[in-house]
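Atom set for the values below is all heavy atoms of this structure, side chains included, hydrogens, waters and symmetry mates excluded. All residue numbers refer to positions in the sequence shown, counting from 1.
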Amino acid sequence: MGKDYTDAQKEATKKYLNKLKNLSIRVKPEEAERFKREAAKRNMSLRAFVLSSINEKIEREDINNEQS
């Protein structure tokens, strides 16, 4: 630890981040805390928890629509 952040690392990070899109949502403080708690219970980051939840809902609704 304690190493300097090199120019190569900075460029690699910038290149990686340019491949991603930012999504922003506003939630009530109590909702944010609930989401953080639920993510922590599952040993997940908040980002991973949110993405997993969204993908599970999409898959579940796709399956339900196919069965109708």
Using the side-chain contact (heavy atoms from CB on, under 4.5 Å) rule, take Phe35 and Val50 through it: C-alpha gap first, then chi angles, then the decisive distance, then the call.
CA-CA 8 Å; Phe35 299 154; Val50 169; 5.6 Å; no
Is the backbone N or O of Thr6 less than 3.5 Å from a side-chain atom of Gln9, with the two atoms forming a donor-acceptor pair by type?
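Side chain of Gln9 to backbone of Thr6, a donor-acceptor pair under 3.5 Å: yes, one is there.
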Between [atom1] on residue [X] and [atom2] on residue [Y], distance to nearest 0.5 Å:
| X | Y | atom1 | atom2 | answer |
| --- | --- | --- | --- | --- |
| Arg60 | Ile63 | CZ | CD1 | 9.5 Å |
| Ile25 | Glu31 | CD1 | CD | 8.5 Å |
| Ser45 | Leu51 | OG | CG | 8.0 Å |
| Glu38 | Phe49 | CD | CZ | 5.5 Å |

Taking side-chain contact (heavy atoms from CB on, under 4.5 Å) as the criterion, tell me which of Asn18, Thr13, Leu20 meets it with Tyr16.
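Among Asn18, Thr13, Leu20, the one meeting side-chain contact (heavy atoms from CB on, under 4.5 Å) with Tyr16 is Leu20.
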Quickly, which of Arg47, Lys57, Met44 forms a side-chain contact (heavy atoms from CB on, under 4.5 Å) with Ser52? Name it, please.
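The side-chain contact (heavy atoms from CB on, under 4.5 Å) with Ser52 is passed solely by Met44 among Arg47, Lys57, Met44.
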Pairs where residues 11-22 contributes a residue and the test salt bridge (Lys or Arg N to Asp or Glu O under 4.0 Å) is met, not counting sequence neighbours:
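Those involving residues 11-22 are Glu11-Lys14.
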Do Arg34 and Arg37 come within less than 4.5 Å of each other through their side chains, counting heavy atoms only?
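In contact.
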If two hydrophobic side chains count as joined below 4.5 Å and joins carry through other members, does Val27 share a cluster with Ile54?
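Yes; tracing contacts between hydrophobic side chains, which count when under 4.5 Å, links both residues.
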